[in-house]
Q: 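Before I ask anything, let me first share the structure, which is written out below as structure tokens.
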Amino acid sequence: MTTPTNNDIMRVRKFLVDLQARICESLEAQERDGSTNDNEYATFVPDDWERPEGGGGRSCVLADGEVIEKAGVMFSHIHVHNLPASATARHPNIAGRKAQAMGVSLVVHPRNPNVPTSHANVRLFVAEAEGEAPIWWFGGGFDLTPFYPVLADCVHWHQVCHDLCAPFGDNIYADFKQWCDEYFHLRHRDEQRGIGGLFYDDVSTESRGWDFETCFNFMKAVGNGYLDGIMPIFEQRKNTPYTKAQREFQLYRRGRYVEYNLVYDRGTLFGLQSNGRIESILVSMPPLASWHYRFEPAEGTPEFELTDYYLKPRDWLAL
């Protein structure tokens with residue numbers, strides 16, 4: 001089956017709603033386990049919203065935790081009557097169609113610089129016109145942005161990526177890893193945002209030869225894979241001691257995250273151009289970040305090693 005029915009779309013929605021709940025639960029458990037007060041710890045606050053043009057969503061935000069400084073886990077299912085340029089530029093065949101887009105997206109900014117920032121997104125887009133078959137595709141992925149990387153964590157992250165891709169084809173991990181490396185690249189600095197992971201877009205029968213069910217199964221593998229990737233890293237790094245200088249370096253590197261999201265991120269651009277809900281669009285921003293003029297870490301330091309070794313595309317599974 002290559003043409004999704006309304007029931008198929010609702011099955012995707014049901015998975016996404018459940019995925020959001022499970023991710024929030026898992027992150028809250030990290031906050032609870034790392035809190036110095038067993039009876040009081042930061043939790044996600046849900047914010048349900050509706051879109052005037054149609055649809056809505058639930059934005060769940062955790063702020064000021066001891067383990068997680070800020071996390072946003074957002075579900076949305078919106079209807080768009082006038083597609084923005086960010087959608088039609090790559091797909092001129094959908095111009096003039098009505099569309100619906102649904103997905104779960106998240107960014108987690110831990111307080112401890114030894115725990116990486118992480119991002120994940122899984123989504124479905126369907127463009128419809130009366131009397132014509134819908135045009136649809138899936139997209140998503142997840143990536144890791146460390147400040148003080150541990151090689152074993154980087155290998156683990158990419159092993160999870162490889163293993164979830166394996167049932168779908170021998171080249172899927174390599175293709176979507178490369179796509180991730182190319183996508184999360186700050187061109188104005190010629191620098192990677194992090195160590196990558198997976199990124200894919202426009203996954204459909206037309207592009208991959210997969211029917212709708214296979215594409216949906218890949219979405220589920222990626223959504224579940226994020227938790228498999230990030231939770232062991234939280235468990236091992238959240239209690240690692242750190243210094244004031246390391247905290248300041250974390251805030252400096254967070255500035256790169258802000259630059260990327262505002263300049264290049266397609267999801268941010270789509271949200272702004274489609275008159276999206278600004279609070280949900282910008283919830284990915286860290287609560288604190290900093291910029292320093294011509295900061296140059298000393299050679300041989302962990303701060304130097306971050307950009308000299310880790311923030312370069314490489315075959316992590318061959319190390």
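Below, all heavy atoms of this structure are taken into account, side chains as well, without hydrogens, waters or symmetry copies.
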Q: Do Asp8 and Val12 come close enough that some side-chain heavy atom pair is under 4.5 Å?
A: no
Q: Does NZ or CZ of Arg247 come closer than 6.0 Å to the centre of the six-membered ring of Tyr242, within 45° of the ring's axis?
A: no
Q: Go through Tyr257 and His109 one step at a time and tell me if the ring-ring contact (aromatic ring centres under 6.0 Å, His included) criterion holds.
A: CA-CA 10 Å; Tyr257 211 89; His109 295 289; 5.5 Å; yes
Q: Working to the nearest 0.5 angstrom, can you tell me the gap between Phe142 CZ and Leu227 CG?
A: 9.5 Å
Q: Taking the side chain as every heavy atom from C-beta outward, state whether Ile233 and Pro116 have any pair of such atoms under 4.5 Å apart.
A: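 Yes, at least one pair of side-chain atoms sits under 4.5 Å.
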Q: Which atom pair, heavy atoms only, marks the closest approach of Ser280 to Met74?
A: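 Minimum heavy-atom separation between Ser280 and Met74: O-CE, 4.2 Å.
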Q: Shortest non-hydrogen contact from Gly225 to Leu164?
A: CA-CD2, 4.1 Å
Q: Find out whether Leu288 and Gln250 are in side-chain contact, i.e. whether some heavy atom of one side chain is under 4.5 Å from a heavy atom of the other.
A: no
Q: Any chain of hydrophobic side-chain contacts (each under 4.5 Å) joining Phe147 to Tyr309?
A: yes
Q: Determine whether the side chains of His158 and Tyr173 contain a donor N or O and an acceptor N or O closer than 3.5 Å.
A: yes
Q: Give the ring-plane orientation class for Phe184 versus Phe199, where under 30° counts as parallel, over 60° as perpendicular and anything between as tilted.
A: perpendicular
Q: Using modelled atom types and a 3.5 Å cut-off, is there a donor and acceptor pairing between side-chain atoms of Glu31 and backbone atoms of Val67?
A: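 Confirmed, Glu31 side chain pairs with Val67 backbone.
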Q: Please name the residue in the list Leu144, Val115, Leu106 that meets the side chain to side chain contact (heavy atoms under 4.5 Å, CB included) test with Ile230.
A: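 Single side chain to side chain contact (heavy atoms under 4.5 Å, CB included) partner of Ile230 among Leu144, Val115, Leu106: Leu144.
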Q: Please step through side chain to side chain contact (heavy atoms under 4.5 Å, CB included) for the pair His162 and Lys177, ending with a clear verdict.
A: CA-CA 9 Å; His162 172 275; Lys177 175 196 178 296; over 6 Å; no
Q: Any ion pair linking Glu191 and Arg256 (charged N to carboxylate O, less than 4.0 Å)?
A: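 Glu191 and Arg256: salt-bridged.
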Q: Look at Arg187 together with Glu182 and state whether they make a salt bridge at an N to O cut-off of under 4.0 Å.
A: no
Q: For residues Trp291 and Glu259, is any side-chain donor paired with an opposing acceptor at under 3.5 Å?
A: yes
Q: Going by atom types alone, do Thr205 and Asp211 pair a side-chain donor with an acceptor below 3.5 Å?
A: no
Q: Same hydrophobic cluster for Tyr200 and Phe15, using side-chain heavy-atom links shorter than 4.5 Å among ILVMFWY?
A: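 Shared cluster, yes.
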Q: What's the shortest heavy-atom distance between Arg314 and Leu319, and which atoms?
A: CD-CD1, 4.3 Å
Q: Kindly compute the distance separating CG (Leu16) from CG (Leu124), expressed to the nearest 0.5 Å.
A: 8.0 Å
Q: Do Glu132 and Lys98 meet the salt-bridge criterion of a basic N to acidic O distance under 4.0 Å?
A: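 Salt bridge: no.
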Q: Between Asp18 and Lys14, does any NZ, NE, NH1 or NH2 come within less than 4.0 Å of an OD or OE carboxylate oxygen?
A: no
Q: Within the structure provided, determine whether Glu213 and Arg11 are in side-chain contact (heavy-atom separation under 4.5 Å).
A: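 A side-chain contact under 4.5 Å exists here.
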Q: So does Glu53 have more than 12 non-hydrogen atoms from other groups sitting under 6.0 Å from CD?
A: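 Yes, because the 6.0 Å sphere around CD of Glu53 holds more than 12 heavy atoms from other groups.
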Q: Please examine the side chains of Asp33 and Lys238, heavy atoms only from C-beta on, and report whether any two atoms are closer than 4.5 Å.
A: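 Of all side-chain heavy-atom pairs linking Asp33 with Lys238, at least one is under 4.5 Å.
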Q: Side-chain heavy atoms nearer than 4.5 Å, only ILVMFWY residues, links allowed to pass through others: does that put Tyr41 and Val61 together?
A: no
Q: For a quick check under 3.5 Å, do Asn217 and Thr214 share a side-chain donor-acceptor pair by atom type?
A: no
Q: Would you find a donor on one side and an acceptor on the other, under 3.5 Å apart, between the side chain of Gln20 and the backbone of Val73?
A: yes
Q: In terms of hydrophobic clustering (I, L, V, M, F, W, Y; side-chain heavy atoms under 4.5 Å; direct or indirect links), are Leu306 and Leu186 co-clustered?
A: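 As far as the 4.5 Å side-chain criterion goes, Leu186 and Leu306 are connected within one cluster.
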Q: Given Lys312 and Gln192, is the side chain to side chain donor-acceptor pair (under 3.5 Å) satisfied, shown in steps?
A: CA-CA 6 Å; Lys312 297 182 185 298; Gln192 298 302 119; over 6 Å; no
Q: Between the side chains of Arg254 and Glu69, is the shortest nitrogen-to-carboxylate-oxygen separation below 4.0 Å, so that they form an ion pair?
A: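 A salt bridge is present here (some side-chain N lies under 4.0 Å from a carboxylate O).
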Q: Is the ring pair Trp316/Tyr310 parallel, tilted or perpendicular, if the boundaries are 30 and 60 degrees?
A: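 Parallel.
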Q: Can His188 and Tyr264 be counted as having a side-chain donor-acceptor contact under 3.5 angstrom?
A: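 Indeed, the side chains of His188 and Tyr264 share at least one donor-acceptor pair under 3.5 Å.
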Q: Using the benzene-type ring in the case of Trp, are the ring centres of Phe218 and Phe138 under 6.0 Å apart?
A: no
Q: For a 4.5 angstrom cut-off between non-hydrogen side-chain atoms, does Leu27 reach Ile68?
A: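 Side chain of Leu27 against side chain of Ile68, heavy atoms only: contact under 4.5 Å found.
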Q: With a 4.5 Å cut-off on side-chain heavy atoms, are Asp228 and Asp163 touching?
A: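 They are not in side-chain contact.
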Q: Please test Ser290 against Glu248 for side chain to side chain donor-acceptor pair (under 3.5 Å), starting from the C-alpha separation and ending with a verdict.
A: CA-CA 8 Å; Ser290 65; Glu248 290 174 351; over 6 Å; no
Q: Are the side chains of Glu305 and Thr301 in touch, meaning some heavy atoms are under 4.5 Å apart?
A: no
Q: Report whether Ile278 and Met285 are members of the same hydrophobic cluster (ILVMFWY, side-chain heavy atoms less than 4.5 Å apart, transitive linking).
A: yes
Q: What distance do Tyr226 atom OH and Ser118 atom OG have between them, rounded to the nearest 0.5 Å?
A: 2.5 Å
Q: Can you confirm whether Asn37 is buried at CG, in the sense that more than 12 heavy atoms of other residues, nucleotides or ligands lie under 6.0 Å from that atom?
A: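 Yes, enclosed.
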Q: Is the ring pair Phe212/Trp136 parallel, tilted or perpendicular, if the boundaries are 30 and 60 degrees?
A: perpendicular
Q: Do Lys220's NZ or CZ and the ring of Phe216 fall within the cation-pi criteria of under 6.0 Å and 45°?
A: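 Output yes; distance and angle both within limits.
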Q: What residue pairs, at least two apart or across chains, pass side chain to side chain donor-acceptor pair (under 3.5 Å) with a residue in residues 145-156?
A: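 For residues 145-156, and leaving out neighbouring residues, the side chain to side chain donor-acceptor pair (under 3.5 Å) pairs sorted by first residue read Tyr148-Glu303, Asp153-Arg237.
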Q: Does Asp315, at its CG atom, have more than 12 non-hydrogen atoms belonging to other residues, nucleotides or ligands within less than 6.0 Å?
A: yes
Q: Less than 3.5 Å apart, any donor N or O on the side chain of Glu66 or Thr36 sitting next to an acceptor on the other?
A: yes
Q: Between Arg266 and Asp201, is there a side-chain N and carboxylate O pair less than 4.0 Å apart?
A: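 Salt bridge flag = yes for Asp201 with Arg266.
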Q: What do you reckon, is CD of Glu235 surrounded by more than 12 foreign heavy atoms closer than 6.0 Å?
A: yes
Q: Applying salt bridge (charged side-chain N to carboxylate O under 4.0 Å, His left out) to Asp47 and Arg277, what does each step give before you reach the verdict?
A: CA-CA 12 Å; Asp47 181 16; Arg277 185 172 184 266; 2.4 Å; yes
